[in-house]
Amino acid sequence: MGYDFKSIEKKWQKYWSDNKVFKVDIDKSKPKYYVLDMFPYPSGAGLHVGHPLGYIASDIYARYKRQKGYNVLHPMGYDAYGLPAEQYAIQTGTHPAVTTEKNIKRYREQLDKIGFSFDWDREVRTNDPKYFKWTQWTFIQLFKSWYNKKTDKAEPIDKLIKEFGKNGNKNIEAATTQEDIFTAGQWNAMSEKEQQDILMNYRIAYLSETMVNWCPALGTVLANDEVKDGLSERGGHPVERKKMKQWLLRISAYAQRLLDGLEKIDWTDSLKEIQRNWIGRSEGASVFFPVKNHDEKIEIFTTRPDTLWGATFMVLAPEHELVEKITTPEQKEKVEKYVQWAKNRSERERMAEVKNVTGEFTGAYGINPLTGDELPIWIADYVLSGYGTGAIMAVPAHDSRDFAFAKHFNLPIIQVVIKEGEEPTDPSTWEESYDSKEGVLINSGFITGMKVKDAIKAVIKKIEEMGIGKGTVNYRLRDAIFSRQRYWGEPFPIYYKNGIPYPLDESELPLELPEVDSFLPTEDGEPPLARAKNWKTKEGYPLETNTMPGFAGSSGYYLRYMDPHNDKEYFSREAVEYWRNVDLYLGGDEHGTGHLIYARFWNKFLYDLGLAVEDEPFMKLINQGKIQGRSSFVYRIQGTNKFVSYNLRKQYKTQALHVDINLVDGDVLDLEGFRNWLPEYKDAEFILEDGKYICGHEVEKMSKSKHNVQNPDDLIDRYGADTLRLYEMFLGPLDQDKPWDTKGIEGVFRFLKRLWKLYFDENDNLIVTDEKATDTELKVLHKLIKKIEHDIENFSFNTGVSAFMIAVNELSDLKSHKKEILEPLAITLSSYAPHIAEELWSALGHENSITYAPFPKWEEKYLKENTFTYPVSFNGKTRFKLELPADLSKEEIEKAALEAKESQKWLEGKTVRKVIVVPKRIINIVVS
RNA sequence: GCCCGGAUGGUGGAAUUGGUAGACACGUUGGACUUAAAAUCCAAUGGCCAUUGCGGCCGUGCGGGUUCAAGUCCCGCUCCGGGUACCA
């Protein structure tokens with residue numbers, strides 16, 4: 001029978017599940033360790049081999065940590081809301097809950113076959129009312145909170161209301177869109193509606209009329225991170241800018257904390273960089289420019305206040321509120337036309353035409369508050385309404401965009417910064433602007449001669465003294481649009497009374513989705529929930545018809561895992577104080593600007609509320625690379641049904657067609673299988689080479705349409721889960737993208753069969769003995785333990801697998817069948833290949849699972865080498881090898897090397913200049 | 001454009017962080033076992049030259065440099081992948 005993986009894996013999977021081997025509870029006698037995989041969306045297509053890659057790695061780590069004595073929390077669940085199930089519902093009428101349930105079932109079956117050590121008792125699903133109750137609850141807290149800049153945290157809105165009643169808002173420093181100052185008297189005199197409108201400007205979850213990314217094809221708005229290149233990330237549909245009333249989360253209030261938090265977490269530099277760019281902090285100054293013959297002032301933002309003397313014009317975003325007021329009658333028509341044109345352009349058009357310079361003169365002039373110069377005010381869509389103040393001073397000499405604009409419209413260019421030691425030149429002859437912050441100021445009043453950095457500080461100080469501006473920091477990070485005009489998501493716990501939104505009482509939660517007759521928007525463009533009958537509170541007030549976006553449910557799930565069945569609170573104090581936060585988080589880096597920002601924000605908010613106990617949710621994060629597909633191709637001679645083998649294809653005019661990789665074995669096509677694959681190939685003819693049809697191949701994305709999807713079930717069927725686990729790890733470094741090549745899996749399968757043979761003979765008799773192990777055997781074992789420990793801790797799983805192979809090869813050569821060696825070997829292997837390890841463990845007479853067997857300790861004494869084989873080089877070139885006792889001194893080594901008979905040939909007629917000896921490394925003899 | 005990664009045999013990849021380049025596998029070739037195949041085992045396998053023996057030369061995308069010694073460090077490129085995109 002030999003290594004019968006099928007029965008072994010079935011047996012142990014059942015054992016783990018029946019005995020709840022991986023169930024964990026709070027155990028204060030042990031240190032905790034929290035290993036988490038990114039929340040999967042259960043898609044209808046099921047898993048392909050790329051999906052479990054991260055799960056296998058995290059599972060190895062979780063199992064290893066258990067053996068190192070940690071109490072390991074390793075849960076799994078489902079991010080169950082999502083567009084695919086809803087799109088399917090629209091097409092077929094099948095309720096998304098039904099589709100989702102079905103997909104989850106399939107997903108679970110696939111996961112179970114791989115032998116993961118999840119504590120399934122902690123499973124959560126975002127569409128489960130017991131779960132989303134707390135998503136809704138958090139939303140209510142966000143609604144009832146404001147961000148106090150003085151304490152730098154979220155605080156209850158009630159406190160703010162009291163303060164308004166006492167002192168108005170003059171003493172409040174908040175993250176807010178409220179600009180007008182009011183007194184307590186004014187506040188108390190306001191109507192309920194007026195008060196609520198003002199509070200809305202402070203709430204962290206707030207309703208606002210803003211420009212949104214509207215995707216007509218999906219019938220919903222999208223968050224910034226859900227739009228890529230002007231198209232929706234899901235489905236690739238065009239996205240427009242549209243002004244709509246939407247729920248938003250005031251994540252911008254947390255921009256600085258999100259930035260600072262990156263310093264203390266162990267993520268890859270590239271991911272931190274992605275987040276830093278997304279947050280986009282820039283320091284500069286805001287300066288007020290009076291408008292000639294108007295009372296209005298234009299506030300501009302600049303990172304280069306030192307270049308104020310180089311400003312030659314101003315530019316407003318077409319949407320800027322002052323455009324209408326300041327435009328002169330003569331320019332009115334042109335300006336209106338431009339504004340209209342800019343407004344109607346789609347996001348994609350705008351982005352595609354970035355290099356085209358467009359704009360219009362308003363006829364108005366701004367006044368440079370430092371120089372008194374009059375600057376023509378233009379509008380142009382290269383200035384964005386959403387960033388800074390939507391207005392700039394243009395310094396064409398030192399900003400490439402202003403430069404292009406000035407060139408195009410023939411506006412003056414004045415140089416005010418120069419590289420040290422250079423002479424000024426005429427900017428009108430320049431090919432490009434000088435944007436660098438390196439340099440010295442010229443033609444700039446009191447800052448002339450200063451270095452840029454000092455000049456910036458000096459100007460900020462000056463404008464602050466003059467009261468015409470101040471140093472400010474701007475962030476690119478925008479508030480997150482939090483409502484979707486879709487059905488399949490969490491309903492908002494919000495109702496409207498006289499048009500004013502109010503949160504439901506917490507006792508009303510969870511608010512479940514209503515039944516609807518169709519999953520499409522209504523005829524008047526209302527979201528699907530508007531179709532529901534009786535979508536109102538028991539008092540009869542209408543409920544919010546938007547639903548929450550995908551990231552709502554996935555932003556706090558790691559906290560819920562700590563205490564998933566708690567129906568009184570999100571999670572208990574006790575649970576969060578024990579589990580705290582995620583120690584190791586594994587997933588793809590495509591979540592850099594989405595989930596990973598939102599979850600950090602969500603966590604910080606809960607931290608401010610005193611619920612979360614750590615202000616960063618994910619301490620260490622590893623991005624697993626993607627597994628790419630390896631596509632196979634056949635070459636059809638154009639216009640025929642004849643296929644020519646790869647190496648002969650050049651002789652014909654051919655067309656390369658994807659062929660199902662299951663019909664190809666080592667690039668050789670299964671001709672019969674191919675003919676039966678699709679009806680059109682039934683009568684296919686072939687031109688063979690050496691009697692075979694050789695296919696071409698290419699590495700590309702794994703996808704159904706490319707017929708290169710490898711699904712794990714087939715491989716498990718043929719080789720078993722342990723082989724699959726080992727092979728996925730063996731493919732290469734975890735964080736690198738790598739192509740999938742099924743061929744190599746044979747190698748790890750052979751390894752497991754060889755391993756098996758260390759324990760059993762051909763007749764399945766256990767051949768493990770109690771004989772004392774030799775030093776050589778012990779060295780093999782301890783070398784392995786040391787290496788595996790090191791590799792797991794460094795997430796170098798691929799080299800770990802080869803270490804196992806080396807050890808098993810060596811033990812096979814030694815014909816080693818000793819328990820003293822083979823028992824620790826089984827434990828060491830058990831995190832990688834848990835099924836076979838359990839089987840071996842039980843064959844060795846153990847009755848408990850290997851899961852909690854302590855990880856063996858390696859000992860230095862077994863690793864000692866008596867001799868070392870030195871590579872001896874001459875002038876850096878290795879010439880021969882010399883075995884010497886390991887404990888020789890440098891001088892003795894040098895002597896031995898020079899005296900070795902192989903050395904003579906290289907020393908002949910040469911002078912020894914120098915001998916470099918690095919003990920246990922190398923000997924290098926320099927001759928000339 | 002800007003910001004990150006990366007480039008090592010026919011293939012996936014290793015290399016204790018400056019110290020024997022190509023571990024471990026796949027593939028290929030040859031051999032053993034077998035009536036045969038599968039499975040298994042053994043051997044060879046970076047390139048070129050030599051092969052009568054030793055052996056020699058070249059070699060980690062390209063060009064320079066530092067060093068006794070460079071895949072690894074520095075400078076300058078090329079190509080590939082990812083992120084971002086008028087963010088003032």
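As the structure is a prediction and not an experimental result, all values here were calculated from the model. Each chain gets a letter, A, B and so on, in the order its sequence line appears, and its residues count up from 1.
Nucleic acid contact class of Arg478(A) (heavy atoms, under 4.0 Å, all strands): base. Within the 4.0 angstrom heavy-atom criterion, no nucleotide atom of any strand lies near Arg630(A). Across all strands shown, Ser282(A) has heavy atoms under 4.0 Å from sugar-phosphate atoms exclusively, and none from any base. Here Lys881(A) lies in heavy-atom contact (under 4.0 Å) with a base. Within the 4.0 angstrom heavy-atom criterion, base atoms lie near Ile916(A).
One finds a side-chain N or O of Arg879(A) lying less than 4.0 angstrom from the OP1 or OP2 phosphate oxygen of C57(B). Put simply, Asn798(A) has a side-chain N or O that comes within less than 4.0 Å of OP1 or OP2 on A14(B). OP1 or OP2 of C68(B) lies within a sub-4.0 Å distance of a side-chain N or O belonging to Lys914(A).
Judged purely by distance below 3.5 Å, without hydrogens or angles, the side chains of Thr358(A) and Tyr338(A) pair a donor atom with an acceptor atom. For Tyr3(A) and Thr723(A), the side-chain atoms include no donor-acceptor pair closer than 3.5 Å. Side-chain atoms of Ser433(A) and Asp399(A) form no donor-acceptor pair, as typed in the model, at a separation below 3.5 Å.
For G9(B), the base adopts the syn conformation, since its glycosidic angle falls within 90 degrees of zero. With its glycosidic angle more than 90° from 0, U78(B) is assigned anti.
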Pairing string of RNA chain B (Watson-Crick or G-U wobble, both atom distances under 3.5 Å; | = paired to other strand) is (((((((..(((......[....)))((((((.......))))))((((.....))))..(((((..]....))))))))))))....
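In this structure, Leu384(A) and Arg750(A) both approach RNA chain B, and ranking their closest nucleotides by distance from the 5' end singles out Arg750(A).
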Can you give one letter per nucleotide of nucleotides 2-12 of chain B, going 5' to 3': B for a protein heavy atom under 4.0 Å from the base, S for sugar-phosphate only, - for none?
-> -SS-------B
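Here the separation of U8(B) from U60(B), taken at their P atoms, is 11 Å to the nearest Å. Across the P atoms, C77(B) and G1(B) are found 13 Å apart, a figure rounded to whole Å. Distance noted for atom C1' between G82(B) and U29(B): 40 Å (whole Å). Nucleotides C49(B) and A25(B) place their P atoms 30 Å apart, quoted to the nearest Å. Going from the C1' atom of A23(B) to that of G46(B) covers 15 Å, rounded to whole Å.
In terms of modelled atom types and a separation under 3.5 Å, the side chain of Gln275(A) and the main chain of Gly592(A) share a donor-acceptor contact.
Aromatic rings from Tyr727(A) and Tyr719(A) are positioned such that their centres are separated by 6.0 Å or more.
Glu263(A) has a carboxylate O that lies under 4.0 Å from a charged side-chain N of Arg276(A), or vice versa, which qualifies the two as a salt bridge.
Nearest heavy-atom pair, Tyr434(A) versus His398(A), reported as atom, atom and distance to 0.1 Å: O-ND1, 2.9 Å.
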